[in-house]
Amino acid sequence: MIRKITVLLLGLMLLIPMNSLAATDSKILIDMHYIVVSPAEDGSTNMMNMVNYTNTSADEYKGDGQGEAVLNVTLPQGAKDLNFLDNQIAFKQVDGGFITTTPVPGNQTTVLPYSYRIPKGKEIKLTVDYPVQTLQILVPEGRGSIEVNGVQATNQGLFKFEDQNYNGYSIENLQAKQAFTLVYDKDKQPPAGTTTQTDTSTNSSNSSVTHTAPAFHNPGHIRMWEQSPLRRFNPHIFLIIIGVVMLAGISYYIYFRRKAKLEEERLGADKEEQAFKLLMAKQKAIMDKIIELEETFGDGKLTEEEYHAKLEAYKQHLVQVKMNLRNFIE
């Protein structure tokens with residue numbers, strides 16, 4: 001389950017565009033923070049996190065200079081069984097959370113995957129240590145629901161990954177040191193999604209409007225018409241014919257221009273769609289390889305050194321796919 005959630009979060013991170021960095025004094029910005037909330041067998045709550053820490057400066061970030069900490073992570077009070085899932089990044093547990101001691105390269109992003117548990121009945125009070133652009137909270141379908149207190153959250157409804165549906169909740173633009181509370185109830189399921197349809201009905205009424213065009217009723221106009229080569233035609237019918245011809249010409253011009261434009265857009269969209277599908281296929285293949293690698297390592301068929309080398313190669317490939325996907329999204 002942990003492996004699938006890890007790959008789910010990596011996949012979601014690839015689909016989220018890198019927005020313009022918000023104005024802030026901090027050199028570190030969290031552009032995406034994912035939390036998967038689920039119940040444990042003993043009644044406690046599992047909290048699986050995947051966090052993007054982006055260094056917004058061109059210089060390597062080594063912390064605020066107040067100690068050995070590079071990144072500070074505050075955990076909710078009562079959190080236990082911390083499990084840090086990346087052996088390439090050095091970390092230490094401290095009072096109230098943990099710190100990392102591996103520098104963040106300039107203009108690059110460090111991903112911290114970690115999990116912990118909250119004891120049954122304990123309040124989940126989260127505090128963000130850096131500005132956060134988007135925080136996504138995911139709850140597996142049928143495993144309960146959450147309530148967010150202290151900040152505004154948007155319920156994004158259900159989405160599917162492999163064979164599992166998740167309810168998604170989104171929180172935008174959190175400030176550094178901002179705190180809020182999650183209320184998780186594993187026995188209370190969110191209400192079924194409803195589709196709101198707008199039914200627009202038009203009430204028509206029969207009415208007649210009489211409009212008398214005075215053009216040919218003016219004696220001067222009548223005299224001009226009688227002296228013109230068109231005097232044999234009924235002037236009203238003639239104007240109607242001219243109007244119909246003009247309207248038809250304009251309509252055909254708009255139709256063929258639009259048709260040509262749509263054809264150009266369709267050809268361009270087909271090429272982009274094929275390229276996008278190819279990138280998505282690459283993404284899925286890499287994610288499958290990560291799952292296979294973890295299973296192979298778990299079976300003892302790989303040494304730890306071989307495992308980390310291959311995992312690092314897959315991560316680099318994921319980064320490249322992410323950059324290519326941004327060309328379509330941004």
Would you say the side chain of [Y] lies within less than 4.5 Å of the side chain of [X], judging by non-hydrogen atoms?
X      : Y      : value
Tyr116 : Pro76  : yes
Ile118 : Met47  : yes
Tyr61  : Pro105 : no
Leu174 : Val151 : yes
Leu112 : Asp86  : no
Phe91  : Val73  : no
Gln152 : Ile171 : no
Thr181 : Glu123 : yes

Exercise. Hey, can you tell me if Tyr130 and Tyr53 have their rings parallel, tilted or perpendicular (30° and 60° cut-offs)?
Key: perpendicular
Can you tell me how far [atom2] of [Y] sits from [atom1] of [X], rounded to the nearest 0.5 angstrom?
X      : Y      : atom1 : atom2 : value
Glu172 : Gln136 : CD    : CD    : 7.0 Å
Ile35  : Met48  : CD1   : CE    : 11.5 Å
Asp31  : Leu135 : CG    : CG    : 11.5 Å
Leu29  : Asn55  : CG    : CG    : 10.5 Å
Asp81  : Ser44  : CG    : OG    : 7.5 Å
Asn46  : Glu41  : CG    : CD    : 9.5 Å

Practice problem: Carefully, step by step, assess Glu141 and Arg143 under the rule salt bridge (Lys or Arg N to Asp or Glu O under 4.0 Å). | Solution: CA-CA 5 Å; Glu141 185 183 24; Arg143 309 299 293 275; over 6 Å; no
Quiz item: Only one of Lys186, Lys80, Arg117 clears salt bridge (charged side-chain N to carboxylate O under 4.0 Å, His left out) with Asp42; which?
Solution: Arg117
Self-check item: Criterion side chain to side chain contact (heavy atoms under 4.5 Å, CB included) on Asn87 and Glu304, from CA distance to verdict
Solution: CA-CA 10 Å; Asn87 293 333; Glu304 186 170 350; 3.9 Å; yes
Non-hydrogen atoms of [X] and [Y] that approach each other most closely:
X      : Y      : answer
Thr102 : Gln88  : OG1-O, 4.3 Å
Ile99  : Asn72  : CG2-OD1, 3.4 Å
Pro140 : Val36  : CD-CG1, 4.4 Å
Val128 : Gln175 : CG2-O, 3.1 Å
Pro190 : Asn167 : CG-ND2, 3.4 Å
Ala179 : Thr127 : CB-OG1, 3.7 Å

Quiz item: Do other residues, nucleotides or ligands put more than 12 heavy atoms under 6.0 Å from the CD atom of Glu305?
Solution: no
Practice problem: Give a yes or no on this: more than 12 heavy atoms of other residues, nucleotides or ligands lie within 6.0 Å of atom CD of Glu312. | Solution: yes
Looking only at side-chain N and O atoms, does [Y] offer a donor or acceptor that is under 3.5 Å from a partner on [X]?
X      : Y      : answer
Asn52  : His33  : no
Glu68  : Thr101 : no
Thr154 : Ser170 : no
Ser57  : Asp59  : no

Within the side chain of [X], is there an N or O that forms a donor-acceptor pair under 3.5 Å with the backbone of [Y]?
X      : Y      : result
Glu306 : Thr303 : yes
Thr100 : Leu71  : yes
Asn155 : Tyr169 : no
Gln133 : Asn173 : no
Thr54  : Thr109 : no
Thr134 : Met32  : no

Quiz prompt | Option among Thr45, Ile146, Val183 that satisfies the side-chain contact (heavy atoms from CB on, under 4.5 Å) test with Ile124 | solution = Thr45
Quiz item: Considering residues at least two apart in sequence or located in another chain, which fulfil the ring-ring contact (aromatic ring centres under 6.0 Å, His included) criterion with Tyr114?
Solution: Phe98
Self-check item: Those residues that, when tested against Phe180, pass ring-ring contact (aromatic ring centres under 6.0 Å, His included) (two or more places apart)
Solution: none
Quiz item: Can you check side chain to side chain contact (heavy atoms under 4.5 Å, CB included) on Val37 and Ile137, steps first, answer last?
Solution: CA-CA 7 Å; Val37 182; Ile137 305 170; 3.9 Å; yes
Exercise. I would like to know whether Leu182 and Glu147 meet side chain to side chain contact (heavy atoms under 4.5 Å, CB included); could you show each step before the answer?
Key: CA-CA 6 Å; Leu182 297 184; Glu147 222 177 88; over 6 Å; no
